[in-house]
Amino acid sequence: MTTELLPPPVRQTQVFVPELVYFEPSALEYPKGQRIHEWALREGLPIRMTSSHNRITNLPGETDLEKYRIAKRTLVVGIRKTLKFDTSKPSAEYAIPIATGCMAHCHYCYLQTTLGAKPYVRVYVNTDDILAQAQAYLDERAPEITRFEAACTSDPVGLEHISGSLKEYIEFMGKQPLGRLRFVTKFHHVEPLLDAKHNGHTRFRFSVNADYVIKHFEPATSSFQERITAAGQVAKAGYPLGFIIAPIIWHDGWEDGYAALLSKLKEALPPEATSDLTFELIQHRFTKTAKRIIEQRYPKSKLEMDEAKRKYKWGRYGQGKYVYPDEQAQALREFITERIFDSFPQAKIEYFT
């Protein structure tokens with residue numbers, strides 16, 4: 001079997017095709033694992049076996065930077081062994097596992113730190129086990145509505161053509177009177193999900209930002225126009241729609257940038273999209289560890305991470321992060337909030353953090 005690696009694309013507007021695929025042996029015991037294996041064979045991709053994703057240490061590359069870039073183009077197919085779901089406040093009650101890792105190269109992403117030295121993309125094939133655990137959480141919390149976030153550790157839309165798991169989750173939640181699914185994406189490859197039987201129980205959200213942020217800090221993602229076109233398709237398919245403006249970055253001309261963002265959204269969205277529209281606003285933040293990793297992996301990044309210009313905010317477990325000082329954060333929140341309600345008077349802003 002060939003071991004030649006494919007050159008990475010400049011811009012991830014086409015669907016993700018990995019350069020290298022690993023399978024855990026147990027994954028091939030599941031129908032989904034077998035289907036992905038057949039897909040990889042048809043694509044002519046290099047295939048390797050590994051007893052566990054934790055044992056992958058021999059990725060190609062001469063330097064740490066080369067190894068990192070190849071790791072981001074590596075797919076690992078395995079099972080999710082830990083079925084206890086993490087919490088996902090303020091977005092949802094629980095984070096439902098579907099995949100880990102992302103093929104995009106967003107400089108600011110918290111997965112830089114979360115995934116550490118193992119930034120490859122993993123998909124889980126034991127989705128029946130995962131959904132059975134979701135059912136247990138639903139039963140436990142009844143008669144309360146329980147929300148599940150499917151994009152805490154990955155961008156599942158960008159992997160749907162490989163796994164098919166997101167449609168499976170959407171249709172599971174469509175049958176649950178008390179279950180709701182949420183996820184966010186920077187990709188426009190929504191076609192496999194448009195005919196899903198969602199029953200209005202899945203909120204489909206797109207991550208959007210000012211042109212400056214997308215241009216400088218979001219390589220290997222779909223363009224703004226591609227995302228908004230996809231949002232219109234999603235709205236016409238009856239999904240509740242949402243937008244996450246994140247990270248909100250203070251930069252020269254930020255007022256014009258975010259005003260233009262909301263203006264373009266208003267012009268582009270069909271009427272179906274505005275009847276039940278939500279926004280989530282997240283200011284840029286970073287930790288010392290994240291700053292070190294980002295500077296190593298994207299040494300030419302223009303991302304501002306000057307600790308002297310930031311406020312230190314304590315978080316859970318005694319760990320903190322650097323956010324904008326109160327005056328700047330307030331200015332960002334008020335300006336963007338006003339523009340949202342100018343363009344979408346009926347929209348709901350779920351939070352600013």
* To do: Applying salt bridge (Lys or Arg N to Asp or Glu O under 4.0 Å), name anything that partners Lys288, two or more places apart in sequence or on another chain.
  => Glu307
* Asked: Between Tyr108 and Phe286, is the gap from one ring center to the other below 6.0 Å?
  -> no
* In terms of side-chain geometry, is the basic nitrogen of Lys186 or Asp155 positioned less than 4.0 Å from the acidic oxygen of its partner? -> no
* Do Phe224 and Leu261 come within less than 4.5 Å of each other through their side chains, counting heavy atoms only? -> yes
* To do: Would you mind reporting whether Gln135 and Gln176 have side-chain heavy atoms less than 4.5 Å apart?
  => yes
* Aromatic contact, Trp254 with Phe335 (centres under 6.0 Å) -> yes
* **Lys167 side chain near Asp195 side chain, heavy-atom distance below 4.5 Å** => yes
* Looking at residues at least two apart in the chain, or sitting in another chain, which of them share a side-chain contact (heavy atoms from CB on, under 4.5 Å) with Gln34? -> none
* Is it true that Tyr324 and Tyr322 have ring centroids separated by less than 6.0 Å? -> no
* Got a salt bridge between Arg147 and Glu93, using NZ or NE/NH1/NH2 to carboxylate O under 4.0 Å? -> yes
* **Asp129: side-chain contact (heavy atoms from CB on, under 4.5 Å) partners, not counting sequence neighbours** => Tyr30, Leu83, Asn126
* Is there side-chain contact between Phe206 and Val190, with heavy atoms separated by less than 4.5 Å? -> yes
* **Contacts of type salt bridge (Lys or Arg N to Asp or Glu O under 4.0 Å), residue Arg310, not counting sequence neighbours** => Glu304
* Asked: Is the closest basic N to carboxylate O distance between Glu350 and Arg182 below 4.0 Å?
  -> yes
* Could you check Tyr124 against Thr100 for side-chain hydrogen bond (donor to acceptor under 3.5 Å, both in side chains), going step by step and ending with a plain yes or no? => CA-CA 9 Å; Tyr124 307 121; Thr100 301; 2.5 Å; yes
* Supply the atom-to-atom distance Leu75 CG to Leu159 CG, rounded to the nearest 0.5 angstrom. => 7.5 Å
* Asked: Are the charged groups of Lys266 and Asp342 less than 4.0 angstrom apart, N to O?
  -> no
* Carboxylate-amine/guanidinium proximity below 4.0 Å for Glu218 and Arg227 -> yes
* Give the other cluster members for Ile293, using side-chain heavy-atom distances under 4.5 Å between Ile, Leu, Val, Met, Phe, Trp and Tyr residues; answer none if it is isolated. => none
* With sequence neighbours excluded, what pairs up with Arg285 under the side-chain hydrogen bond (donor to acceptor under 3.5 Å, both in side chains) test? -> none
* Asked: With ring centroids as reference points, do Tyr212 and Phe217 lie under 6.0 angstrom apart?
  -> yes
* Looking at residues at least two apart in the chain, or sitting in another chain, which of them share a side-chain hydrogen bond (donor to acceptor under 3.5 Å, both in side chains) with Lys197? -> none
* Partner set under side-chain contact (heavy atoms from CB on, under 4.5 Å) for Glu295, not counting sequence neighbours -> Lys291, Met305
* Starting at CG of Leu281, measure out to CD1 of Ile248 and round the result to the nearest 0.5 Å. => 4.5 Å
* To do: Report yes if the side chains of Phe352 and Ile336 come closer than 4.5 Å at any heavy-atom pair, otherwise no.
  => no
* ring pair (Phe, Tyr, Trp, His ring centres under 6.0 Å) partners for Trp39, two or more places apart -> none
* Any side-chain heavy-atom pair from Phe243 and Leu241 closer than 4.5 angstrom? -> yes
* Of all residues at least two apart in sequence or in a different chain, which pass the salt bridge (Lys or Arg N to Asp or Glu O under 4.0 Å) check with Glu160? -> none
* Asked: Tell me, do Phe16 and His161 make a side-chain contact under 4.5 Å, heavy atoms counted?
  -> yes
* Structure fact -> Note: with side-chain heavy atoms under 4.5 Å as the link, the other cluster members for Ile282 come out as Val184, Ile244, Tyr351
* Any residue meeting side-chain hydrogen bond (donor to acceptor under 3.5 Å, both in side chains) with His105, in chain and number order, not counting sequence neighbours -> Tyr298
* **N-O pairing of Asp64 and Arg297 below 4.0 Å** => no
* Are any of the side-chain heavy atoms of Phe172 and Asp128 separated by less than 4.5 Å? -> no
* Asked: Would Gln225 and Thr229 count as having a side-chain donor-acceptor pair, cut-off 3.5 Å?
  -> yes
